[in-house]
Every structure is written in structure tokens, then in C-alpha cells.
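First the structure, in the form of C-alpha cells, and then the observations on it.
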Amino acid sequence: MIELEGVPELIDPVMVAAFEGWNDAGDAASTAVAHLDREWKGEVFAALDAEDYYDFQVNRPTVFLENGVRKITWPTTRLSVVRVGGEKPRDLVLVRGIEPSMRWRSFCNELLAFAHELGVEMVVILGALLGDTPHTRPVPVSGVTSDPDLARTMDLEETRYEGPTGIVGILQEACTHAGVPAVSLWAAVPHYVSQPPNPKATLALLNRLEDLIGLRIPLGELPEDARAWQVGVDQLAAEDSEVAEYVQTLEEARDTAELPEASGEAIAREFERYLRRREPGTGPGGPGVAMEGGDTAFLRDPGSGRTRPPKPEQPGPEAVPAAESETPGDAGEPDAPEGTEGTEGTDAPEGATDESPGTGPEPGAETEPDTEPGADGESGK
């Protein structure tokens, strides 16, 4: 039985998770969850046992000095809770860690045990992948689910992907088998500028999350960081005529593909978000701002002596949904546009003149990855 000392009964809790590694191009997803934790002053209440899930030769522990005393930080996955104030307060359970090296089914079972104990109503997993998308256009973010009913009621894509997957896909399928509604949000990061951080992709994920769960998220300096990032990439691209030409090709393909949407639902969504952010606050600091006092700092770390959680029923055989790219994706990844072909860690668009840059997302398009994780990275819209 899980012992969660100091954690009160939560209000309409949603679990938001992100994992560093294969599913986190440009560190966009893990940075988004870190932003939520920082802005709403989350406090860690549990951490999974690093010995159970991590290969320390792959994810090495770090040593640091604190008041002259040497200490070690072990790679792990931590859970925290934040209470979001406003007219209708609700709680978020934030999960942030590194993609585990082993025992993925047990890893997902342990997270689901916490979700069950805390009464989590929905799990939202954030991911980011590399794709043939221009840095000068809005970051494409796709919402996908394995639940047909959820896809219909929340206007999401139902996954169809088949191929290699990561912990995001495994956790989504574990949620589905456990009867927990789960959604994956995927941001596409330009493959020719894949180095982290990518604040523009992080901002896009947070905006999409805001729409999904109906909370106003304080963005802090992210909008300004995103603008500065784009200006910096503009300058780098201008110095290389080949890169500039390739970016222009991607822009033309993207604009052609999204022309019908540009005058419809996309504009309506942006206008609704603008109106929400102009509404006067109904609580301290306005909607989506953590309340002062005991409403945020209500947790304490139970320490390492907590009882290990029970393991719910094991998820069935892996079923991986639709991907956004032809590189190794996750269950829950959106479908890829034709011609998508990005390379993780690629700094310049090699072979740009030979590649088709893609013509934008096509509903239902499926592309099976043909490489192992880490070889080509992940590509998206």
C-alpha cells in the first residue's frame, strides 16, 4: 500500500508527465513540466527507486558539494503536486524524470499506482520530436490518444502508429489498459536546429496543455525567450545560403498545407486563448495562479522509507499508436506528413535538395520508422 503522508485529498487532479531522452527533442517536453513545477511551486512528495529502473552507466549520478559535504544525486523520476488557484481550483500531479533504462512495465505500474491512490482523472504526457518544420512558423502540436471515445469528445487524433516506441507510448498504453484516460501532446522541433533548449516548442506545448485542461498557465519569460530564440536562428540561417533556401522550401510547403486551416479553427483557438488571458483574475493573481499560504506548500517528502506501491494489473501487449514521423516514435505520436525525414542531432539540412520537405500533416498518414532509437531521432510535421 502507498503511504502518501502529508498529501491532502486532491481536487480534480490531472497527471502531467514528461521524460528526458528519446521523446524530448530540444528538451521541450521536460522543460514544460519543469516550468509548471517552478511557476506553481510544486513540492516533491515521492521519487521512484533509481536502482529499479536506471542503468547508471547510461544515466550517471552526479556528485556535488553542499556546505562542504559531498552528496550524490541519482537519476530518477519524481512526483510533485501543485494546487492551481482561481474560481475553480484544481490540482496537478507533475511527473518529471528520465526515460528508464529497464523494467518499463513495472515503471508504468508504479506511476499508475500513484495515479490511482491520488484519484487522478486523466494523464497527459508531453513529448517532442524532430521534424521537417520551419522554425519561422508556429510549432505544430498534435494531441493523440488510444481511447476512441476520448478522441471524439476532446477532438483528438486516434493513434494508428506501428513501430518502435518510447516510454511515452508505453505509459499511454498502460493507462489505456488500466482504464485511465490518457492523452499525448507532441511538439515538432525543426531537425536542423535540434540543440536544446527550444523555448518556442516548450511554449507551444504549454499553450496546447492550457487548452486541453482548461487552466490558465503563467508563462513568465517564455514568450520573450521564444522570440529571442527565433531571432537567433534567423541570424544563423541567414549566414548560410543553403540553409536559408531549405527553410524557405519548408515554409512554402507548410503554408500551402495549412492554408485552409489558417482561416478557420486555428484562428478561432488563438482568439479564444487571447480572450481568456484578458479576463480579470477571480483569485489571488488571477486564474491559473497558485494561491498564497498553505494552499501550495502542503506537502512533505515522506523519505525513502515509504512502502512500495502495489502493482496494478500488467498492461497487455504493446499497442503503439499513430506517429508524427518516420523515425522511432511513441505510442501516441501523431501521424507524419509524407516526405518527413529528420535526423536527431543534425545541425544542417544535408541533402536538402534531394529531400521532399513534406507537404504538411495528412490525417491518417502513417510512416513506419526504419531505424533504431537514436539513429535518426524523431521527425514530425
Side-chain angles (χ1 to χ4, degrees), residues 18 20-32 34-35 126-142 186-208 219-258 262 270 324-329 334 336-337 339-361 371 373-381:
E20 299 173 17
W22 199 47
N23 307 133
D24 193 24
D27 291 352
S30 58
T31 302
H35 177 87
L126 306 183
L129 42 77
L130 299 178
D132 289 337
T133 182
H135 72 278
T136 53
R137 298 295 185 263
V139 175
V141 177
S142 299
W186 287 95
V189 173
H191 70 83
Y192 57 87
V193 56
S194 60
Q195 298 84 353
N198 189 318
K200 187 173 181 178
T202 295
L203 180 62
L205 281 171
L206 291 175
N207 284 335
R208 186 69 176 86
L219 299 177
E221 297 180 357
L222 263 178
E224 182 59 33
D225 291 343
R227 284 190 290 269
W229 176 87
Q230 181 165 325
V231 169
V233 179
D234 285 343
Q235 293 172 348
L236 290 174
E239 296 173 359
D240 189 318
S241 59
E242 183 181 351
V243 173
E245 183 179 352
Y246 180 66
V247 171
Q248 184 178 1
T249 302
L250 293 179
E251 291 173 340
E252 292 171 355
R254 174 77 178 273
D255 294 344
T256 301
E258 295 192 349
E270 289 301 317
E324 172 136 5
S325 69
E326 50 177 76
T327 47
T340 298
E341 189 174 336
T343 303
E344 180 135 10
T346 300
D347 295 328
E350 294 185 12
T353 55
D354 298 327
E355 283 186 336
S356 168
T359 55
T371 58
D376 279 347
E378 302 184 48
S379 54
K381 298 180 184 175

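- To the nearest 0.5 angstrom, Arg227 atom CZ is 10.5 Å from Leu222 atom CG.
- Atom CD of Glu251 and atom OG1 of Thr133 lie 10.0 Å apart (nearest 0.5 Å).
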Practice task
Quick one: do Arg137 and Asp255 satisfy side chain to side chain contact (heavy atoms under 4.5 Å, CB included)? Show the steps, please.
Solution key: CA-CA 9 Å; Arg137 298 295 185 263; Asp255 294 344; 2.8 Å; yes
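- Judged purely by atom type and a 3.5 angstrom limit, Asp24 uses its side chain to pair as donor or acceptor with the backbone of Ala28.
- Inter-residue side-chain proximity for Pro140 and Arg254 is flagged as met; some heavy-atom pair is nearer than 4.5 Å.
- Scanning both residues, Ala204 and Val139, for their nearest heavy atoms gives CB-CB, 3.7 Å.
- Between the side chain of Lys200 and the backbone N or O of His135 there is at least one donor-acceptor pair closer than 3.5 Å.
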Exercise for the section: For the pair Asn207 and Leu219, evaluate side chain to side chain contact (heavy atoms under 4.5 Å, CB included) and give the outcome as yes or no after the intermediate values. Expected result: CA-CA 9 Å; Asn207 284 335; Leu219 299 177; 4.1 Å; yes
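- Panel note: side chain Arg208, backbone Trp186; no donor-acceptor pair is recorded below 3.5 Å.
- Ala29 approaches Ala18 most closely through the heavy-atom pair O-CB, 3.5 Å.
- Looking only at distances, no side-chain donor or acceptor of Asp27 sits under 3.5 Å from a matching main-chain atom of Pro196.
- Between Val247 and Pro190 there is no side-chain heavy-atom pair separated by less than 4.5 Å.
- With rounding to the nearest 0.5 angstrom, the CG atom of Leu203 is 11.5 Å from the CD atom of Glu224.
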Exercise for the section: Check step by step if side chain to side chain contact (heavy atoms under 4.5 Å, CB included) holds for Val233 and Gln230. Expected result: CA-CA 5 Å; Val233 179; Gln230 181 165 325; 5.8 Å; no
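- Distance check, rounded to the nearest 0.5 Å: OH of Tyr246 to CG of Asp132 gives 4.0 Å.
- In plain terms, the two heavy atoms of Ala187 and Ala201 that are nearest each other are CB-O, 4.2 Å.
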